[in-house]
Amino acid sequence: MTTVPHYPLSEEQVAFFRENGFVQLDNVLSEEELQALRAAADEVLSQRFDPCIETSAANPEYEKVFVQKVNLWRVHEGIRRYVLSPRIAEIARRLIGAERIRLWHDHLLTKMPGDSKPSPWHQDRPYWPMIGYDQLSCWMALDDVDENNGCMQFIPGSHLWGELEPINLVTPQDIFALVPDKEVKPPYVARMKAGSCTFHHGLTFHYAGANHTDRPRRAMVTIFMADGTLYNGKPHVVTDGLGLQPGEPLAGELFPVLAEGA
């Protein structure tokens with residue numbers, strides 16, 4: 001398979017991420033890599049898995065926001081090859097400034113055509129059972145995205161406002177009402193070609209509109225965490241049943257190290 005070589009992440013892009021809480025990176029995947037990931041995504045979209053993977057299936061209203069399948073790297077070889085890519089993980093490691101970066105989980109997020117709803121403004125970090133704040137997500141576009149089909153949007157600098165309460169994605173609260181003293185900058189609208197991606201910090205306010213087109217909008221999301229991130233004991237589909245104790249590191253083969261500094 002033809003691959004894009006080591007991605008030339010610049011110091012300016014790293015600085016932009018740390019100041020704004022997100023960064024857009026274009027042409028990260030080769031055309032061959034993109035087609036392989038699309039094929040893998042279509043395969044898993046057509047399949048049904050157990051509830052720990054098929055996390056949106058029990059709620060039809062949630063699936064209007066997006067169809068979500070979690071930890072596909074554990075059950076599909078094509079997804080696994082992408083998710084465990086050291087090239088993507090090394091970008092994440094440099095952006096967050098970690099010595100070693102681990103996988104938290106992946107999820108395929110698909111906004112289906114038809115009765116589609118926006119993904120409301122929210123932070124990711126409040127949903128994760130973690131101690132520590134060195135986490136970020138890579139949102140890889142598998143289709144060209146803009147406002148018509150639900151591209152990502154970010155509020156610059158919002159990752160510096162602290163952790164707020166989790167937002168209900170089906171009946172959302174107004175997250176901006178929780179930060180009345182903050183200067184809210186206009187959102188950055190991440191229009192991208194397929195094979196490009198954004199990275200965003202776990203505390204960054206982000207949003208994706210409804211899919212108004214007649215085709216699915218597919219995105220492969222990989223979430224990374226700095227080595228040493230601890231479990232806080234709260235329930236989560238990824239950690240439930242693992243027997244973890246509060247304060248224990250999220251480590252081992254289910255949360256593998258994907259990149260580390262020299």
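A quick note: this is a predicted structure, and the numbers were derived from the prediction, not measured.
Between A190 and T198, the shortest heavy-atom distance links the atoms CB-CG2, 3.8 Å. Closest approach of S137 to D124, counting heavy atoms only: OG-OD2, 3.8 Å. The nearest pair of heavy atoms linking C151 to V189 is SG-CG1, 3.6 Å. Nearest approach of G209 to K111, heavy atoms of both residues: O-CE, 3.1 Å. The two atoms that bring A194 and L34 nearest to each other are CB-CD2, 3.7 Å, heavy atoms only. Shown here for I175 and H122, the closest heavy-atom pair between the two residues is CD1-CA, 3.8 Å.
By the 4.0 Å N-to-carboxylate-O rule, K64 lies close enough to D115 to be salt-bridged with it. Between R94 and E11 a salt bridge is recorded (basic side-chain N to carboxylate O distance below 4.0 Å). In this structure, R87 does not pair ionically with E90, as no charged nitrogen and carboxylate oxygen lie closer than 4.0 Å.
Aromatic ring centres of F154 and Y207 lie farther apart than the 6.0 Å criterion allows. Between F199 and F17, a ring centre-to-centre spacing not shorter than 6.0 Å is recorded.
Between the H206 side chain and the S119 main chain, no donor and acceptor come within less than 3.5 Å of each other. Without hydrogens or angle criteria, N211 side chain to T213 main chain gives a donor-acceptor distance under 3.5 Å. Using a distance-only test at 3.5 Å, with no hydrogens or angles considered, no donor-acceptor pair links the side chain of S116 to the main chain of P113. Judged purely by atom type and a 3.5 angstrom limit, R93 has no side-chain atom pairing as donor or acceptor with the backbone of A259. A donor-acceptor contact shorter than 3.5 Å is absent between the side chain of Q153 and the backbone of E147. A donor-acceptor pair is defined here as one N or O able to donate and one able to accept, closer than 3.5 Å; such a pair exists between the side chain of Q123 and the backbone of L203. Between the side chain of D106 and the main chain of W73, a donor-acceptor pair closer than 3.5 Å is present.
Taking the six-membered ring for Trp and thresholds of 30 and 60 degrees, F255 and W104 have nearly parallel ring planes, at less than 30 degrees apart.
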From CA spacing to verdict: side chain to side chain contact (heavy atoms under 4.5 Å, CB included), T222, Y82 | CA-CA 9 Å; T222 314; Y82 168 76; 3.6 Å; yes
Yes or no on side chain to side chain contact (heavy atoms under 4.5 Å, CB included) for L250 and M225, after CA distance, side-chain angles and deciding distance?
-> CA-CA 9 Å; L250 292 166; M225 58 185 174; 3.5 Å; yes
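Both Y127 and W161 belong to a common hydrophobic cluster when Ile, Leu, Val, Met, Phe, Trp and Tyr are linked at side-chain heavy-atom distances under 4.5 angstrom. Put simply, L230 and L103 are part of two different groups of oily side chains (I, L, V, M, F, W, Y) that touch within less than 4.5 Å, one to the next.
Within 6.0 Å of CD on E43 lie more than 12 heavy atoms contributed by other residues, nucleotides or ligands.
With respect to L37, the side-chain contact (heavy atoms from CB on, under 4.5 Å) criterion is satisfied by exactly one of M220, R218, R81: M220. A side-chain hydrogen bond (donor to acceptor under 3.5 Å, both in side chains) with R125 holds for exactly one of H159, Q135, H201; it is Q135.
Residues I53 and V70 form no side-chain contact, since every pair of their non-hydrogen atoms from C-beta on lies 4.5 Å or further apart.
Separation of atoms CD1 (I155) and NE2 (H200) is listed at 13.0 Å; rounding is to 0.5 Å.
Between T110 and K69, the side chains place no donor N or O within less than 3.5 Å of an acceptor N or O (distance only, hydrogens not considered).
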